[in-house]
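Throughout, a chain's letter reflects where its sequence line sits, starting with A, and its residues are numbered from 1.
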Amino acid sequence: MKPVKNGARRMGRYSAFDLARHGVARNGWPRAWHNHDLRRAYDVVVVGGGVHGLATAYYLAARHGISNVAVLEKGYIGSGGSGRNTAIIRSNYLTPEGVRFYDRSLKLYESLSTELNFNVMFSQRGHLTLAHNDSSLRTMRWRAEVNKLEGIDSEVISTAQVKELVPYLDTSSEARYPVLGALYHPPGGIIRHDAVVWGYARAADSRGVHIHQNTEVLGIDVAGGAVRGVATSGGKVATPVVVNATAGWATLISDMAGVAMPITTSPLQAAVTEPVRPFLGPVIVSGSLHVYLSQTDRGELVFGSAVDPFPSYSMRGSLDFIESLAGHVLELMPSLAKMRVLRQWAGLCDMTPDYSPIMGQTPVEGFLVDVGWGTYGFKAGPVAGEAMAQLIAEGKTPELIAGFSLDRFMRGELLGEKGAAAVGH
Amino acid sequence: MRRKAQATGVDMRLGPRPGEIIDRSRGLTFTWDGDTYPAYRGDTITSALAAAGVRVMSRSFKYHRPRGVMTTSYLDPGCLVQVGDEPNVRASHRMVEPGMSARPQNAWPSLRYDVKSANGALAPFLSAGFYYKTFMRPKRLWPAYERVLRGFSPGGAVSPEAAHDYYDKRYAHPDVVVAGGGPAGMAAAVAAAAAGAAVMLVEGEPELGGHLRWGAAPELAALGDLRRAVAATGGIEVLTDSVVTGRYDGNWVAVVQRSAPGVVERLIKARAGVLVAAPGLIERPYVFSGNDIPGVMLSTGARRLINLWAVKPGERAVVLTANSSGDAAVCDLADAGVDVLKIVDARSGEDVVRAKGGRTLRAVECADGTTVECDLLVTAVGWTAPTSLLNMAGDRPVYNERAARFFPGGGHDDVLATGGIAGDGSLEQLIDHGSAVGRAAARRAHEVSATTEIPSLPVEAHPALFKARTHGFVDFSEDVSSKELEEAVAEGYDSIELAKRYTTATMGPAQGKLESVNAVAVVAAATGATIAATGTTVWRPPYSPVTLGALAGRSFEPVRYSPMQPWHEAHGAKPLVAGQWIRPDHYGDPAAEVRSVRSGVGLIDVTPLGKFDLRGPDVPKLLNQLYINKWSKLALGSVRYGVMCAEDGVVLDDGVTGRLGDDHYLMTATSSGAETVWEWIESWLQTEHPEWRVHVARVTSDFASINIAGPRARDLLSLVVDDVALGPEEFPYMRVRSGSIAGIDGSFMWRIGFTGELSYEIHVPASYGLGVWETLLERGADLGVKPFGVEAQRILRLEKGHLIVGQDTDGLTRAYGAGLDWAVKLDKEDFAGKPELGWQEGRDDFLRLVGLRPLEGTAVPAEGSQIVEAGIIVGRITSSRMSPTLGRSICMGFVAPHLAEPGSAISIVAPDGSRVPAVVTPQLAQVDPKGERLHG
């Protein structure tokens with residue numbers, strides 16, 4: 001594909017100096033991104049203005065000089081899974097392939113603030129997966145050993161070490177699910193998820209990418225086995241390349257191109273408390289208790305759990321969820337009983353049979369997918385965007401994502417991280 | 001009794017007020033920030049402090065600005081305090097108790113002199129989202145920057161020592177839940193109950209009454225009438241200091257009782273026929289410069305302070321009014337002896353420009369150019385309709401320009417609205433509307449008519465007042481100003497959701513109830529869109545913040561024990577947590593337990609085995625569907641080992657199933673997989689083959705299960721069984737018999753051999769389990785019978801090379817990889833996992849499960865250790881133990897296909913980094929590979 005220059009504009013730089021200058025002069029900051037009229041044609045149309053779609057657009061423009069790109073977002077950017085997840089980043093996966101893939105993502109996240117000139121507030125305060133029985137301790141040993149051999153900072157630590165890291169945890173042997181140890185992953189942590197979305201959007205916009213919010217895709221025009229264009233609520237657009245990066249809505253968009261996907265959509269619920277003074281450093285995950293929690297820089301506790309046990313597009317929280325979540329949190333930290341839950345919500349997860357994504361080409365030429373991320377989507381945003389951009393620019397599936405192709409289901413070659421744990425955060 | 005606070009020397013308490021809720025005969029003291037203050041029973045923390053002239057209750061989040069009382073309600077944004085070990089207590093709602101110790105939050109070193117208030121001067125640099133624009137370089141300093149940012153996090157503190165108090169839950173099935181006990185809510189409850197409905201009336205304040213409570217004589221008279229009507233009407237359960245926190249699908253309504261006898265809080269889960277939302281209206285703050293200075297109050301806040309707690313809110317006041325609430329405040333202030341210096345009537349275009357002051361208000365600058373020195377500014381600029389409960393039912397609020405507020409979208413059969421959120425009107429009209437809604441709710445709850453007409457309330461015109469010509473705070477708890485919202489819009493965050501997320505406006509403890517509409521109005525003005533088009537953010541549950549304790553209840557996590565647990569405990573069993581079960585890991589020496597099984601006979605309690613009683617003519621079809629092997633020809637009295645795979649061909653579970661009668665089977669599943677298998681069975685029966693005639697009952701806990709293993713197992717069993725022939729010909733391997741064991745009828749026994757020894761698994765009715773266990777030990781004493789635990793069983797089965805699903809398989813192990821090729825019967829018509837296994841057949845590129853023998857017999861590489869070849873992972877250890885039978889270490893593990901041949905040398909990397917060389921053994925079994933002991 002031929003790179004197109006189309007009047008990329010320089011964005012106002014963010015720095016402490018500029019912050020001070022703006023503070024004194026009190027003149028406004030430039031817009032982080034702009035509104036545009038829909039062009040008649042784009043080289044690439046990305047459907048979905050979340051971290052995957054925006055990262056794809058950014059890397060297309062920044063790395064490959066392809067900037068005649070539209071990102072179409074039904075609502076506002078980051079309104080789907082990108083703004084609803086619990087923002088946990090880690091790379092201590094179970095399979096060597098998973099470790100390498102997510103480690104690339106973690107590395108991109110580590111340098112994202114400087115790359116995008118937008119502080120995404122990646123808080124690497126560590127990630128602890130608790131073992132409450134000997135079988136999870138065994139799986140953690142396995143993960144730690146794979147991680148170490150792949151060069152990832154990851155180890156199994158004792159109950160006493162866990163207590164030292166998180167004094168609020170009930171590590172007594174009287175606990176209903178005693179803590180027998182934990183998998184400790186120091187580079188893991190949490191990030192400001194909205195900032196990742198905005199950082200990519202701003203950097204993509206400054207390189208000429210058009211971000212169209214409140215623009216819904218109504219149909220995909222396929223002729224002769226190839227993509228010709230997209231019908232949107234804002235009008236028709238011609239394009240040879242459409243990227244489906246719509247997570248929970250992935251099958252609906254793929255259906256428009258006539259591509260069936262082995263994906264079901266299930267809600268994943270989360271909740272947040274009122275802020276309290278900082279007391280929790282690392283992210284805490286308990287597979288046995290189906291809960292993970294972290295404390296944000298603002299002092300709120302953020303909780304998540306496993307996906308709901310049935311497919312649905314509902315994004316309303318349920319009472320059962322928040323009750324069982326609270327019970328499990330208090331099993332871990334009984335002293336938090338008086339903290340108050342402020343909000344609960346749900347996001348949609350696009351679940352595949354092997355808990356691994358579907359990335360790359362499809363039987364329809366030009367219709368590319370970056371979907372099926374299930375509960376891991378946010379962690380993979382940067383690396384997925386990087387790989388999809390490379391695929392579009394070079395017309396060839398990068399090695400890193402070759403295993404994630406749609407046709408693996410036709411060949412029966414499942415892969416993935418299902419072995420890790422049901423609650424894999 | 002006049003009680004002047006020593007700490008301040010000020011007394012703002014008024015003489016008795018007609019509607020006051022304090023009990024002047026019951027004085028008490030409490031401490032605030034270390035000083036002792038007087039109070040009356042019925043005072044809130046802030047009313048008592050305000051009576052003592054305290055004006056600053058907290059410091060704000062970002063700029064550490066002094067904040068005081070504004071709404072004197074649960075939502076009061078500047079009045080979150082620490083009480084003992086409880087953070088974020090709503091001091092304008094929480095009643096003082098004798099000896100209570102309350103402390104300010106977010107102030108250091110003191111409320112009066114807060115070091116971080118210097119941030120106020122930095123406000124221009126700390127504008128919304130400033131942290132996204134800096135602290136990026138150098139990267140290595142970010143953790144240090146982050147620590148500083150974290151230091152600013154607002155809120156109180158939790159203590160790791162905080163007691164885990166008792167919380168409670170209750171289920172209720174009312175016909176009608178009325179959320180809100182104001183006039184319309186009370187009228188609705190009375191009308192619904194009179195129409196025969198069982199009603200639950202929920203009010204957040206300690207008493208029913210809503211705004212009537214702080215009204216004048218006519219309101220108080222009406223309040224008395226309504227309360228009497230509620231009390232006189234049967235069928236109304238009144239819950240005060242309680243709040244409907246959520247409406248979930250199916251009208252599943254959550255109610256939190258904040259004060260209930262005997263418990264800290266109680267969560268009531270009510271399956272409501274109809275939910276009536278009657279939350280009233282929330283008064284909206286006005287946005288202008290200095291709108292957060294202590295002394296700036298809402299009209300309802302000032303009126304509540306005067307009329308409920310008899311506290312004078314200030315000495316000299318300016319009142320900005322656009323409605324009757326402001327006008328009533330003028331009367332109340334005058335009545336309380338406050339000098340009302342100026343009334344700024346917004347209805348005739350007058351306005352305030354800014355409030356001036358530091359720790360307290362000093363003056364108000366008005367739009368007419370005058371500046372009035374005063375210590376109190378009361379604003380009454382309009383209302384917000386808290387439509388959250390309706391939103392949770394899918395309703396989207398609609399903006400009404402005439403009334404300058406949002407209204408429910410309407411149109412729900414099981415959620416109705418009345419009172420202020422539904423419209424305006426006289427008190428009489430509100431009560432009539434409430435009554436009509438109550439009657440309709442009762443009818444709908446009884447499904448008499450789902451389309452009852454409900455009269456509508458008038459909508460009165462109200463000036464659209466959100467922001468003065470100066471900038472001020474929109475969100476007080478988050479310290480977000482209108483200027484910051486405008487800047488956010490200018491930077492591109494130009495929808496309400498993006499502006500909210502960028503500035504964090506509406507995301508604090510008041511959940512947007514005070515701030516949301518002002519934020520929408522500011523964003524609308526900045527984008528040039530209407531408020532209607534800008535819309536609101538989505539209100540999510542809970543309606544009001546709920547403690548984790550209330551949601552968790554008793555934190556009831558069941559523990560399952562076998563009937564033999566008392567014996568295990570009395571005999572020194574080391575407990576093993578296995579999912580819901582706690583069972584014996586060993587009784588002191590697992591190696592000795594192994595030897596005793598191999599040389600004589602042992603007993604293990606295997607009650608946690610999942611057990612399912614299957615009956616019906618189509619059971620063989622079900623078994624064929626669930627298991628990968630064949631089941632059609634299982635003879636009566638036979639047992640078969642079966643393997644289940646998920647649809648991806650991955651091994652899901654294994655176990656044995658025996659045929660007890662023509663249409664009667666007993667299926668077992670692994671202890672840890674029992675719940676999954678149950679769901680799996682139900683999923684096939686309910687969603688795929690509802691036509692199959694199969695009844696499934698979970699009987700895991702109905703039977704106590706004991707495995708008798710060892711060369712002398714038959715000898716032991718024969719001591720307790722008379723009516724079943726046990727000889728090797730009469731009762732061969734893989735057969736099941738029913739009969740009487742130790743005199744207990746209705747027992748089953750089958751011959752299987754997980755341990756590799758001659759063994760019988762017996763299942764006796766659970767209530768006799770302990771007796772049978774003790775009988776076996778007693779009668780078998782001469783045979784040397786010993787109990788053994790899970791650890792010994794794991795060693796025994798590893799010696800025998802039997803895999804454990806979930807340990808020697810994982811989420812990617814298909815039947816072929818686990819060496820279960822023999823079980824896969826692709827010629828069956830269908831079974832779960834068939835297509836996937838069909839693809840796999842004949843492939844040889846997956847890891848194989850093999851037996852491994854470390855060359856150094858003392859080395860036991862930890863389970864999870866990786867097998868490495870030239871730096872590449874080529875396998876892992878799934879099981880490893882020291883074998884007491886062989887006197888050396890043994891392992892099972894996965895290896896790459898090229899290493900799977902017996903005799904292949906492999907290298908294991910132990911967790912400490914050391915290398916353990918090993919060879920692949922000829923079979924998985926390293927003890928008795930020919931199975932002679934098993935079939936004996």
Largest heavy-atom contact set with chain A, pairs under 4.5 Å, which of [options]:
| options | answer |
| --- | --- |
| Gln105(B), Lys269(B), Glu161(B), Gln82(B) | Lys269(B) |
| Gly913(B), Gly155(B), Pro545(B), Ser477(B) | Pro545(B) |
| Gly492(B), Ala162(B), Gly871(B), Gly246(B) | Gly492(B) |
| Lys169(B), Glu265(B), Arg147(B) | Lys169(B) |
| Pro143(B), Pro154(B), Pro87(B), Gly549(B) | Pro154(B) |
| Ser159(B), Ser495(B), Pro575(B), Gly394(B) | Ser159(B) |

If I take atom [atom1] from residue [X] and atom [atom2] from residue [Y], how far apart are they, to the nearest 0.5 angstrom?
| X | Y | atom1 | atom2 | value |
| --- | --- | --- | --- | --- |
| Leu551(B) | Leu319(A) | CG | CG | 7.5 Å |
| Trp33(A) | Leu498(B) | CH2 | CG | 6.0 Å |
| Leu80(B) | Glu274(A) | CG | CD | 6.5 Å |
| Leu548(B) | Met333(A) | CG | CE | 11.0 Å |
| Asp320(A) | Trp252(B) | CG | CH2 | 7.5 Å |
| Met315(A) | Arg540(B) | CE | CZ | 7.5 Å |

Nearest heavy-atom neighbours spanning [X] and [Y]:
| X | Y | answer |
| --- | --- | --- |
| Arg176(A) | Gln580(B) | NH2-O, 2.9 Å |
| Pro911(B) | Arg141(A) | CG-CD, 3.6 Å |
| Thr547(B) | Lys338(A) | CG2-O, 3.9 Å |
| Phe118(A) | Met136(B) | N-SD, 3.2 Å |
| Val158(B) | Tyr168(A) | O-OH, 2.6 Å |
| Pro275(A) | Pro509(B) | CD-CG, 4.5 Å |

Checking heavy atoms, do the side chain of [X], its backbone, both or neither come under 4.5 Å from chain A?
| X | answer |
| --- | --- |
| Tyr167(B) | side chain |
| Met507(B) | both |
| Leu837(B) | neither |
| Leu149(B) | both |
| Tyr502(B) | both |
| Ala157(B) | both |
| Glu863(B) | both |
| Pro558(B) | backbone |
| Tyr131(B) | both |
| Ala510(B) | neither |
| Arg501(B) | both |
| Val489(B) | backbone |
| Asn88(B) | both |
| Ala910(B) | backbone |

Sequence neighbours excluded, the answer for salt bridge (charged side-chain N to carboxylate O under 4.0 Å, His left out) partners of Arg843(B) is Glu413(A), Asp845(B)

Are the side chains of [X] and [Y] in touch, meaning some heavy atoms are under 4.5 Å apart?
| X | Y | result |
| --- | --- | --- |
| Asp810(B) | Leu94(A) | no |
| Glu145(A) | Ile877(B) | no |
| Glu146(B) | Asp297(A) | yes |

Proximal component of [X], with respect to chain B [non-hydrogen, under 4.5 Å]:
| X | result |
| --- | --- |
| Asn214(A) | neither |
| Gln213(A) | side chain |
| Asp194(A) | side chain |
| Ile211(A) | neither |
| Phe303(A) | side chain |
| Tyr177(A) | side chain |
| Thr296(A) | backbone |
| Arg316(A) | side chain |

In terms of heavy-atom pairs under 4.5 Å with chain B, which of [options] leads?
| options | answer |
| --- | --- |
| Thr114(A), Ile77(A), Val120(A), Thr273(A) | Thr114(A) |
| Pro309(A), Ala201(A), Ser79(A), Pro334(A) | Pro334(A) |
| Arg125(A), Gln295(A), Glu110(A) | Arg125(A) |
| Asn133(A), Val146(A), Ile322(A), Val329(A) | Val146(A) |
| Arg192(A), Gln124(A), Glu300(A) | Arg192(A) |

Original post:
Is it true that a side-chain atom of Gln511(B) and a backbone atom of Leu342(A) form a donor plus acceptor pair closer than 3.5 Å?
Top reply: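 Judged by distance alone, yes, a pair lies under 3.5 Å.
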
Does Arg277(A) reach the main-chain N or O of Gly151(B) with its side chain, forming a donor-acceptor pair under 3.5 Å?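 A pair under 3.5 Å: yes.
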
Between Glu86(B) and Arg340(A), is there a salt bridge with N-O shorter than 4.0 Å?
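Counted as a salt bridge, because a side-chain N and a carboxylate O are separated by less than 4.0 Å.
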
Taking 4.0 angstrom as the limit, do Glu491(B) and Arg202(A) come out as a salt bridge?
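Arg202(A) and Glu491(B): not salt-bridged.
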
Exercise for the section: Dump the intermediate steps for side-chain contact (heavy atoms from CB on, under 4.5 Å) on Arg794(B) and Asp134(A), then the final yes or no. Expected result: CA-CA 13 Å; Arg794(B) 285 182 181 165; Asp134(A) 66 336; 2.4 Å; yes

Return the orientation label for the Tyr132(B) and Trp198(A) ring planes: parallel under 30°, perpendicular over 60°, tilted otherwise.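 Tyr132(B) and Trp198(A): perpendicular rings.
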
**Item:** Residues which pass side-chain contact (heavy atoms from CB on, under 4.5 Å) with Ser683(B), listed by chain and number, not counting sequence neighbours
**Value:**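 Ser683(B) satisfies side-chain contact (heavy atoms from CB on, under 4.5 Å) with Thr687(B) once adjacent residues are dropped.
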
